[in-house]
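None of the values given here were measured: they were computed from a predicted structure. In what follows, every chain begins at residue 1, and chains take the letters A, B, ... in the order their sequences are listed.
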2 protein chains.
Amino acid sequence: MAAGIDDVARAAGVSTATVSRALRDLPNVSAKTRERVRAVATELGYVASPSAASLASGRTRAIGLISPWVNRWFFANIIDGAERALRARGYDVLLYTFDIQRSGERPRIDPDVLRRRVDGILVVGLPLARDELEALQGLGYPLVCIGWGGSEEATVRLDDRVIGLEAVRYLIRLGHRVIGHVTGTPDDVHPWSPPADRATGWREAMTEAGLEPDAGLMESGGFEVSGGRASVKALLARHPDLTAVFAASDEMAMGAILGLRDLGLRVPEDVSVMGVDGHELGELVGLTTMSQPVDEQGWAAAELVLDMINGKTPPRRVVFPARLVERTSTAAPRGVAS
Amino acid sequence: MAAGIDDVARAAGVSTATVSRALRDLPNVSAKTRERVRAVATELGYVASPSAASLASGRTRAIGLISPWVNRWFFANIIDGAERALRARGYDVLLYTFDIQRSGERPRIDPDVLRRRVDGILVVGLPLARDELEALQGLGYPLVCIGWGGSEEATVRLDDRVIGLEAVRYLIRLGHRVIGHVTGTPDDVHPWSPPADRATGWREAMTEAGLEPDAGLMESGGFEVSGGRASVKALLARHPDLTAVFAASDEMAMGAILGLRDLGLRVPEDVSVMGVDGHELGELVGLTTMSQPVDEQGWAAAELVLDMINGKTPPRRVVFPARLVERTSTAAPRGVAS
DNA sequence: CTGTTAGCGCTTTCAA
DNA sequence: TTGAAAGCGCTAACAG
């Protein structure tokens with residue numbers, strides 16, 4: 001039933017080596033031989049054993065995709081995009097999830113689970129600790145970071161500083177002066193992580209407008225909806241004069257909207273809210289956002305690892321643009337004509 | 001650098017066979033030998049080559065997870081749950097995505113990409129065509145369906161008929177008489193698919209209350225937000241007297257709410273809307289829903305395949321309950337005291 | 001252009 | 001309880 005390579009070789013009247021070459025489109029096979037081998041292989045339903053091929057060649061034709069979650073917007077979309085791109089190029093995708101604990105401590109990702117199992121690694125969206133990253137790189141496989149990464153790593157990401165800058169400039173143009181920032185917990189924030197960079201953009205925009213980005217205007221909580229909800233309340237407790245909130249993700253922004261509702265405040269009449277992402281459900285609450293191209297990032301990262309695997313030297317850093325999508329969760333503050 | 005099994009054997013002063021047995025916790029290894037082998041292996045950083053192990057044993061310790069999408073609520077959560085469960089048991093997860101085309105025709109999923117690559121298969125959420133499923137089963141691996149599946153297949157799912165029944169009974173209790181149903185496209189709907197069963201529940205609830213579930217009250221569009229949005233408009237064009245909509249998913253329900261807003265209608269004053277899922281963002285619009293335990297389903301399915309792989313005969317069918325979560329998108333129709 | 005042959009690094013009988 | 005040895009099913013030199 002399960003035809004092996006020598007069944008094909010015998011039936012086609014050639015050697016196993018020729019079958020192997022023919023089926024993998026290697027050179028040095030005559031057109032007619034290749035044709036015959038292909039025909040026989042199809043007829044016999046022959047599919048090469050990946051384990052045997054890996055063992056013999058040292059290549060697995062699989063990519064490890066490491067992500068803290070799969071059920072959150074950014075991660076789900078990146079995984080979706082990368083998986084399709086990789087499969088289109090004939091690569092398997094091994095999915096590795098790990099938990100971020102609320103406590104700040106999370107199980108470290110164990111490099112051994114990837115050892116000899118993949119040809120390359122994609123790390124999605126969450127800054128690994130320096131030593132975790134190094135352990136991973138120590139495996140010796142090409143590695144690409146998606147949505148984060150310093151100058152040392154091959155990276156596909158946004159220009160997060162500019163995103164923060166443009167978002168907050170927009171709020172300032174609307175007339176806001178006291179603009180809060182809601183973002184994720186500090187322990188996950190490296191100097192070159194998206195949250196840190198977006199916060200930098202927020203600070204720069206405030207400063208260039210002569211406003212004070214004081215620490216009390218920033219709140220770091222959970223990255224999810226519930227985090228945004230709690231953070232906005234903490235912010236308002238400290239700064240009742242707040243008229244606008246820039247959240248570092250749409251999920252947190254939507255949480256902020258829920259939190260404002262809890263407090264009996266209206267959006268945007270009392271407080272304007274905007275986020276970053278382009279979440280499809282943002283429209284439910286008219287969420288203004290900095291929309292990012294997420295499928296493309298997954299795709300680009302896939303191309304990047306594959307190029308690295310194939311010995312090319314692709315750009316070490318691909319940066320995608322975000323664009324402002326203006327909806328109804330932002331408006332001029334009361335008493336200011338826009 | 002990369003220690004092999006005979007490096008360990010040599011260093012421990014035993015044969016490779018013993019190393020293999022010791023490290024895999026097989027019987028017939030003395031406690032002290034096992035201990036020594038373990039110590040040496042750790043010291044040398046030895047990790048067995050999965051390809052070699054698979055080739056020799058015929059088992060891959062990998063499960064293929066087939067899903068139409070990863071970026072939609074149900075699928076993302078199932079994948080997340082199943083991946084964690086499988087990894088906890090030492091299995092790898094190979095992710096396979098395929099596209100549902102709007103046209104109704106989608107690329108068939110090719111069983112050959114899974115051949116000799118996995119020990120078991122999980123098919124998430126979308127009814128495969130009969131012959132696709134058979135082709136997959138023809139590979140000879142244990143296969144479990146999650147969120148769908150007939151009586152022939154091992155299945156983890158909800159009682160979708162009861163969900164539809166209870167949802168619509170609830171709307172009827174509120175006083176609604178003209179209740180529409182928004183669901184997915186008919187070409188993906190098998191007799192035993194969740195959409196079909198939920199529709200059956202809707203029909204039964206209507207009938208038992210002496211109401212007419214006429215075909216014009218049901219609209220099948222896309223499964224996503226945009227589908228719900230379009231469907232509700234079609235529904236209202238045919239039935240301006242509609243006062244409530246039961247959508248087969250929260251995403252379609254949220255789309256329906258957007259569609260109603262487009263028409264200038266208020267929820268729930270003009271039309272009540274409810275869904276199925278328990279989507280975390282449902283709260284944004286106060287969505288009433290039939291909430292389902294989604295992580296648990298992923299976990300249960302993982303346990304199921306693994307049991308099947310290990311020759312046990314687990315229950316062929318695990319059914320999880322959903323529960324009504326009442327929020328503000330549903331209310332008594334105008335003129336009816338609740 | 002094609003065939004021969006030696007592994008790849010384990011697991012698994014079979015003996016001891 | 002342990003070891004020897006024969007593969008698992010391919011790929012990759014190397015010859016021809």
Side-chain angles (χ1 to χ4, degrees), chain A residues 1-38 40-41 44-62 90 92 112 115-119 139-140 309, chain B residues 1-38 40-41 44-62 90 92 112 115-119 139-140 309:
Chain A
M1 162 85 219
I5 196 172
D6 22 46
D7 297 317
V8 179
R10 208 170 306 123
V14 295
S15 70
T16 61
T18 299
V19 172
S20 177
R21 286 189 284 250
L23 261 23
R24 287 182 300 148
D25 287 320
L26 294 187
N28 296 328
V29 179
S30 75
K32 68 175 8 162
T33 303
R34 195 186 299 278
E35 216 35 75
R36 184 154 33 92
V37 171
R38 280 213 191 105
V40 171
L44 266 47
Y46 169 70
V47 177
S49 152
S51 335
S54 302
L55 185 57
S57 70
R59 272 163 268 114
T60 63
R61 291 197 75 82
D92 275 334
D112 284 345
R115 173 161 279 144
R116 320 211 221 197
R117 211 166 289 244
V118 299
D119 294 341
L139 294 172
I309 287 169
Chain B
M1 162 87 219
I5 197 171
D6 21 47
D7 297 316
V8 178
R10 210 171 305 123
V14 295
S15 70
T16 61
T18 301
V19 172
S20 177
R21 286 189 281 250
L23 262 22
R24 286 182 300 146
D25 288 320
L26 292 189
N28 296 328
V29 179
S30 74
K32 67 176 5 164
T33 302
R34 194 187 299 277
E35 216 35 74
R36 184 155 32 91
V37 170
R38 278 212 192 108
V40 172
L44 266 47
Y46 169 71
V47 178
S49 153
S51 333
S54 301
L55 184 56
S57 71
R59 272 163 268 116
T60 63
R61 291 197 75 81
D92 275 333
D112 283 344
R115 173 161 278 144
R116 316 212 224 199
R117 211 166 292 243
V118 299
D119 294 340
L139 293 172
I309 287 170

- prompt: Can you tell me if B:R21 uses its side chain to pair, donor with acceptor, with the backbone of B:R34 under 3.5 Å?
  reply: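 The answer is no, because no donor-acceptor pair under 3.5 Å joins these two groups.
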
field: Check: B:T33 side chain, B:V29 main-chain N or O, donor-acceptor pair, under 3.5 Å
entry: no

Let me know the distance between [atom1] of [X] and [atom2] of [N], rounded to the nearest Å.
{"X": "B:R115", "N": "D:dC10", "atom1": "CZ", "atom2": "C1'", "answer": "17 Å"}
{"X": "B:E35", "N": "D:dT1", "atom1": "CD", "atom2": "C1'", "answer": "16 Å"}
{"X": "A:L55", "N": "C:dG7", "atom1": "CG", "atom2": "P", "answer": "14 Å"}
{"X": "A:K32", "N": "C:dC1", "atom1": "NZ", "atom2": "P", "answer": "13 Å"}
{"X": "A:N28", "N": "D:dA13", "atom1": "CG", "atom2": "P", "answer": "13 Å"}
{"X": "A:I5", "N": "C:dT4", "atom1": "CD1", "atom2": "P", "answer": "14 Å"}
{"X": "A:R61", "N": "C:dC8", "atom1": "CZ", "atom2": "P", "answer": "22 Å"}
{"X": "A:L23", "N": "D:dT11", "atom1": "CG", "atom2": "C1'", "answer": "13 Å"}

Would you tell me if any nitrogen or oxygen in the side chain of [X] comes within less than 4.0 Å of OP1 or OP2 on [N]?
{"X": "B:S15", "N": "D:dG3", "value": "yes"}
{"X": "B:T18", "N": "D:dG3", "value": "yes"}
{"X": "B:S20", "N": "C:dC10", "value": "no"}
{"X": "B:T33", "N": "D:dT2", "value": "yes"}
{"X": "B:R24", "N": "C:dT11", "value": "yes"}
{"X": "B:R59", "N": "C:dT12", "value": "yes"}
{"X": "B:S49", "N": "C:dG9", "value": "no"}

- Task: Let me know, please, whether B:R116 or B:T16 comes out on the 5' side of the other along DNA chain D by nearest nucleotide.
- Result: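 Its nearest nucleotide being more 5', the pick is B:T16.
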
**Residue closer to the 5' end of DNA chain C, B:R21 versus B:Y46 (nearest nucleotide)** =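 Between the two, 5'-proximity favours B:Y46.
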
Less than 4.5 Å apart, side chain to side chain, heavy atoms only: is that true for A:S51 and B:R116?
no

Report task. Determine the contact category for A:R34: base if any of its heavy atoms lies under 4.0 Å from a base atom, sugar-phosphate if only primed atoms, P, OP1 or OP2 are that close, otherwise nothing. Result ->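 No contact at all - A:R34 keeps every heavy atom at 4.0 Å or more from the nucleic acid.
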
Looking across every strand, which nucleic acid part, if any, lies under 4.0 Å from A:A53 by heavy atom: base, sugar-phosphate, or nothing?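 Sugar-phosphate contact only.
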
